[in-house]
Amino acid sequence: MGCTTSVILFKGICTVLERNCAYICKQQGENNAVEYTAQSLSREDSGFTHSSLAKPKLIEPIDYENVIVQKKTQILNDALRELLLFPYDDFQIATLRRQGRYICSTVPDNAEKEAQSLFVTECIKTYNSDWHVVTYKYEEYSGDFRQLPSKGTKPDKLPVHVYEVDEDADKDEDAASLGSQKGGVTKQGWLYKGNMNSAISVTMRSFKRRFFHLIQLGDGSYNLNFYKDEKISKEPKGSIFLDSCMGVVQNNRVRRFAFELKMQDKSSYLLAADSDAEMEEWISTLNKILQLNFEAAMQEKRNGESHEDDEQSKFDTSSSSIDSYLPEKSGRETEAKLKNESRVKLFALDSDSQKLDFSGIEPEIKPFEEKFGKRILVKCNELSFNLQCCVAENEEGPTTNVEPFFVTLSLFDIKANKKISADFPVDLNHASVRQMIPTTSQQLLNGSGDFGRRILGSVQESMLQYPKQGIFSVTCPHPDIFLVARIEKVLQGSITHCAEPYMKSSDSAKVAQKVLKNAKQACSRLGQYRMPFAWAARPLFKDTSGTLDKPARFSPIYKQDSNKLSNEDMLKLLADFRKPEKLGKLPVILGNLDIHIDNVSPDFPNYVNSSYIPMKQFENSPDTVVTFEVEEFVPYIPKHTQPFTIYNNHLYVYPKHLKYDGQKAFAKARNIAVSIEFRESDDEEAQPLRCIYGRPGGPVFVKNALAAVLHHQQNPEFYDEIKIELPTQLHEKHHLLFTFFHVSCDTSSKGGTKKKDVIESQVGFAWLPLLKDGRVVTNEQNVPVSANLPAGYLCYQEPGMGKQHSGPEIKWVDGGKPLLKVATHLVSTVYAQDQHLHNFFQYCQKTDSGAQALGSELVKYLKSLHAMEGHVMIAFLPTILNQMFRVLTRATQEEVAVNVTRVIIHVVSQCHEEGLESYLRSYVKYVYKAEPYVTSEYKTVHEELAKSMTAILKPSADFLTCNKLLKYSWFFFEVLIKSMAQHLVENSKVKLLRNQRFTASFHHAVETLVNMLMPHITHKFKDNPEASRNANHSLAFFIKRCFTFMDRGFVFKQINNYMSFFTPGDPKTLFEFKFEFLRVVCNHEHYIPLNLPMPFGKGRIQRYQDLQLDYTLTDEFCKNHFLVGLLLREVGNALQEFRDIRQIAISVLKSLMIKHSFDDRYSTRSQQARIATLYLPLFGLLIENVQRINVKDTSPFPVTQNNAKDEVLLNVAAGNPLVTPQKPGNTLDNNLHKDLFGVISGTASPHNSSTPNINSVRNADSRGSLISTDSGNSLPERNSDKSSSLDKNQHGGSLGNPLVRCDKLEQAEIKSLLMCFLHILKSMSDDALFTYWNKATTSELMDFFTISEVCLHQFQYMGKRYIARYSVSLICVYLLPLYWVYNDILVLSQHLSLGCTWFTSCAQ
């Protein structure tokens, strides 16, 4: 059936109705009277505003749970009971195994037993616990229609339809094509040609004047050739192949009278004419060419799909044939055939459903995991000096360095002015050189110890002895970060003396032998002592994005200055690194350090972390080259901190300086070595713990570590770093013990053998307790030095604290002055350095141990947590939040609960302000676990949190905290939801009736929370828009999820409570809030069962079609089908508001109906028909607004903004946009009668109707008016908060609202409403449609068919010629959607043609 025939058919139906309904004239008079009243009202009270409108009556919802029980038999016997019942497996609690990157757990086996501190215990529980997740089986159906799992499926192929309007056009185009082959369309003239590559980079100067010639080739295709002059006989300078052109559009951004040719490969050609007329002529000609190309391609496609050439076959296969729709034999059979065909969903062709919108898609929430900055692989290959020889005794072996050297790598940040990584020691010596140092008994005694057992169970110790590859991590890369190599050698003498042979360019074998001899002697005697020797550095990054500076090499190897050893001195040297005039003055040692850097691939294998725990991708083989992760000292900045996920407990000790020039206790104290031990007791027989990380070549863990020795220095400086694995639980006796030795470097034999044996002599002791006020001591400390070490030395009071003291007598060096400067750096995931956090956990531990809990005391500690450092808060985020919720459930006073919630608000706020919201989402989804519920002891988190949130929202509360709670309310509602779910499952309450699952006190808490929250949303939207909007969205999500757990009738009441805070005269923002709330709630995955699409009639109903369907929004309908009734009421009310509000409401309704259409759970026709009954009252809404929808004399394409404004100016002058237009007489012209009866009798062909006839039909009996179609502009919006409108008085409105607007809706609004109308009409059953026709009044029937007629005009397929005339570029956008929507309308016309027969029989 063609487009003309469809219009004729609808006109005929209207004629039949009008001729057979006696009281239509009476109804017409009533309508005119109403319109007169509206006109009078508009004249008399033009100042009427929404503020005088009464608040809509709230419909009390059904008691959902009782209805389910009462109608249980009816529901179970319903063939579509899946539309009425919630599934039993709607949600469940799951425990997911924590996935790490390690072979074994990072937590030591006995850590939980050893832990005594509450904070340490809770940290270990955090790292050992699995993920606790609440999963919703149908959650993928709980979002927008774009997020449905089946949304991505598209039909493979759409069948081809041919309309008579296009057949006529094809004939004309065939004739034009014949003419084109003989000479074709041609045009030539001067144009300005822009840059070929990109229209964006075109400037006025880049245009070049060229002569263009449009020519057709032998195959029918067109080329646009351009030349330097008008001599087109020459070879063209270039050509534009129009076969590849997709569209021609005007483009005046760079130059006047310019137009753009858009090509298939997304490139474009920019051309410009000399005048506007010339530009339009070129555009018209080129568009004509493109249309010819398009039609040729379409015709070729049709020819390829056609399998038979005879006219009869062509006639039968054409789905547009009118005979296939006319009820010749059996209209019912034809209709059933059409319905059973696999058709494209109507909404699949809607432009809104094809738009990409990612605004509602939540980011993927991942579990907590270790995150690193820019990772750099450092491969240490070789360290070689110019002074070399063979070190073997028999001089058989490779030429190597003449003595062992030891390299330590670390990263220094010049900007931050600090060292940003731990040391990475490597031993690059040849095996023969390593043998120069004997294996001492001390090394053998050190062994691996208890701390190495968990490591060596996964990896062989020999694999860890000689590291050569390290992975450094940098959180904030920039060009001022340097990789520094410090080089040491065995203690031998002064740095200058030892470096002198290496600084000479001559490679004398004699010098090498001499140095070798001295080195062997030093190694055999002082092999365990080292001395500074040299250093080198190189930059790491080219820029701040982390691009590695791979071509850069290490600087020359500079001799170490004995007066510039500290890290501070190194930073000063690096600051001058790029100043050759300063570095050129430094003495250079001749040699080469070969170290290569590279990026680390994600699947890099065979590496261990800083605690030597191997990764999963680790091959435990002797041949495996192990790579070591080097600890990064992440800056103490919250945004660079991440929640800890693994156990790590390292202490880095840095001896800095010893001032010994004033000591008189020892005769010799110059070559001073310091030995560091970690002890857990100060008893006389106490032994050091084997927990210090050893040097390369030695055991993994050792009992003591030695710092480098400076020759002949009484005030030595140190730069060494000692790394210690701390015990899980520290106590007051744990301390660092420093032992000082004078090392004899004298190798002279004059003193005899006895003198040579005295290598070292003790010259003092110092100790540093690790805990102070329960926290680990960090930063720099100055401690005194003692000449002796009596038992119980930790008990001695510090010197200067008074004469009275307890403990043994200690002989202080230099009067007990603080002679030793030492620094410590803690990298621990079980010990926090924040005093406030420590005090809070310590108090909680006391109360857990049985001490009386004082509310005021606990409140004091809670308030102090607001001063907690940000980076500590982020690092221990899961542990802190877990403890907060634990305290919340055990609080006996409201003040404690409120202050706990305040602290949580502070933590949540800090995370958001630092951009770390994702950590909070990970916590809620994976970590949060409600405490086991014991009625006599503890309370539930969801109830206590709801109560404390209500207290904070009170008007008398702190408004800053209140605003933060509103702004970040999503977190608290998510916790409420998860706590509710876990409570139901773990306490076996899921099987209970919903009204018995939660206590009455919790129901009251939720209701109070909603009522307390709403005034903040409705009153603060101006002063604090973000907080109000966030709170509104979070509340909507909470209410939606409550349907899964709670009494659904109770949740309905909360929605009513929410709606009671809004009035018709609200500002636009509040309308946005309200419809956003409805959008979220109605997107519930079980929205259809919530609305109970089932009979609610009295008595026993034998058949579904016997029920009393509601086609208007009655109170009974809104009560029984609460959510859909509420939505339709709000949409109806919104249609009386100004444009923006209307568009929001229509969008929510349309999106919801699109979702029903695409939901693969409701894919059968019977299911869609049942769902359609929920939206039948939309018929009533549309009929009430039929005069605002009845806009037919418009293009199916949207008009441009300028044209719309012009139309408004013309039409506003024609009449008042708020006045109901009077319907013209219901008459048809003679041409229409002839066309209609000619088609019916078969004497006239529908194909003879051409476009002019369509226009005449369109204008005959039009219900249009002089009112502007652009209501958004025709209706003045004087105030953004209040909308003035004058409405007509319509009796019997389905909304109960006596005031109805009468200005025309906009095209987009009309099309969206009509798409919803068509979807319902297409989906509803025949019985429902006939029931509606039986119940409707004549006026309603007339309006129904008026709306149907408007559908034809709004979605009318105007033909290819019309589309080409409008714009070739719109073909892809509009052609197929209009083409197929229109085709579906033709199928719906079968309904209406049957209706015509039915009406005729009724009238007779």
Side-chain angles (χ1 to χ4, degrees), residues 176 179-181 183-297 1197-1203 1205-1206 1361 1363-1373:
S180 176
Q181 292 294 337
V185 179
T186 182
K187 182 174 176 56
Q188 58 186 14
W190 287 98
L191 292 173
Y192 294 89
K193 182 177 68 69
N195 188 351
M196 289 288 191
N197 296 324
S198 173
I200 299 175
S201 60
V202 175
T203 62
M204 284 288 291
R205 296 182 179 179
S206 67
F207 279 84
K208 296 180 180 180
R209 187 173 171 84
R210 295 288 183 263
F211 189 83
F212 281 79
H213 181 218
L214 178 63
I215 186 172
Q216 185 180 23
L217 304 180
D219 60 355
S221 62
Y222 283 85
N223 279 7
L224 187 58
N225 299 332
F226 52 91
Y227 307 80
K228 279 193 174 182
D229 50 31
E230 297 181 1
K231 297 178 181 180
I232 59 176
S233 59
K234 296 180 179 180
E235 190 72 13
K237 301 296 292 183
S239 297
I240 300 175
F241 302 98
L242 296 183
D243 279 354
S244 301
C245 184
M246 299 298 294
V248 184
V249 294
Q250 188 175 346
N251 186 342
N252 293 329
R253 288 177 299 175
V254 179
R255 187 185 180 100
R256 294 179 63 192
F257 315 131
F259 56 95
E260 187 176 0
L261 280 70
K262 295 190 174 181
M263 313 304 287
Q264 287 180 350
D265 60 356
K266 298 184 180 180
S267 64
S268 61
Y269 293 89
L270 193 61
L271 307 176
D274 289 323
S275 65
D276 186 71
E278 191 174 351
M279 177 193 68
E280 291 292 340
E281 187 177 350
W282 274 104
I283 292 176
S284 175
T285 302
L286 292 173
N287 276 335
K288 186 176 181 180
I289 297 297
L290 297 182
Q291 179 62 16
L292 289 174
N293 291 344
F294 174 79
E295 287 307 314
F1197 300 111
V1199 295
T1200 62
Q1201 191 65 26
N1202 293 336
N1203 294 338
K1205 291 181 179 177
D1206 295 340
R1361 180 180 293 170
I1363 295 171
R1365 189 184 310 128
Y1366 180 73
S1367 175
V1368 174
S1369 63
L1370 290 177
I1371 289 177
C1372 295
V1373 179

Leu270 and Phe207: side chain to side chain contact (heavy atoms under 4.5 Å, CB included), yes or no, with the steps? CA-CA 9 Å; Leu270 193 61; Phe207 279 84; 3.7 Å; yes
Any Phe257 side-chain heavy atom under 4.5 Å of Glu278 side chain: no
Check against side chain to side chain contact (heavy atoms under 4.5 Å, CB included), Asn225 and Ile232: CA-CA 9 Å; Asn225 299 332; Ile232 59 176; over 6 Å; no
Before you tell me yes or no, could you show the steps for His213 and Tyr227 under side chain to side chain contact (heavy atoms under 4.5 Å, CB included), namely the whole-Å CA-CA distance, both residues' side-chain angles and the distance that decides it to 0.1 Å? CA-CA 8 Å; His213 181 218; Tyr227 307 80; 4.0 Å; yes
Rounded to the nearest 0.5 Å, what separation is found between the CG atom of Leu271 and the CZ atom of Arg255? 11.0 Å
Okay, side chain of Asp229, backbone of Lys231: is any donor-acceptor separation there less than 3.5 Å? yes
Could you walk me through whether Leu224 and Ile289 satisfy the side chain to side chain contact (heavy atoms under 4.5 Å, CB included) test, starting with their C-alpha distance in whole Å, then the side-chain angles of each, then the deciding distance to 0.1 Å, before giving a yes or no? CA-CA 11 Å; Leu224 187 58; Ile289 297 297; over 6 Å; no
Please report the interatomic distance CD(Glu230) to CD(Gln188), rounded to the nearest 0.5 Å. 8.0 Å
Nearest-0.5 Å distance, CD of residue Gln264 to CZ of residue Phe241: 13.0 Å
Can Lys193 be said to sit on top of Phe226's aromatic six-ring, NZ or CZ under 6.0 Å from centre and within 45° of the ring axis? yes
Measure the shortest side-chain to side-chain distance between Met263 and Ile240 over non-hydrogen atoms and say whether it is less than 4.5 angstrom. yes
Gap between atom CG of Leu261 and atom CG of Asn251 - 0.5 Å precision: 11.0 Å
How many angstroms lie between atom OH of Tyr192 and atom NZ of Lys208, to the nearest 0.5 angstrom? 14.5 Å
Polar side-chain atom of Ser284 near backbone of Glu280 as donor-acceptor pair, under 3.5 Å: no
Measure across Leu290 and Leu242 and return the closest heavy-atom pair with its distance rounded to 0.1 Å. CD2-O, 3.8 Å
So Trp282 and Phe259, would you call those rings parallel, tilted or perpendicular, with 30° and 60° as cut-offs? parallel
Using 0.5 Å steps for rounding, measure from the CG atom of Asn252 to the CE atom of Met279. 6.0 Å
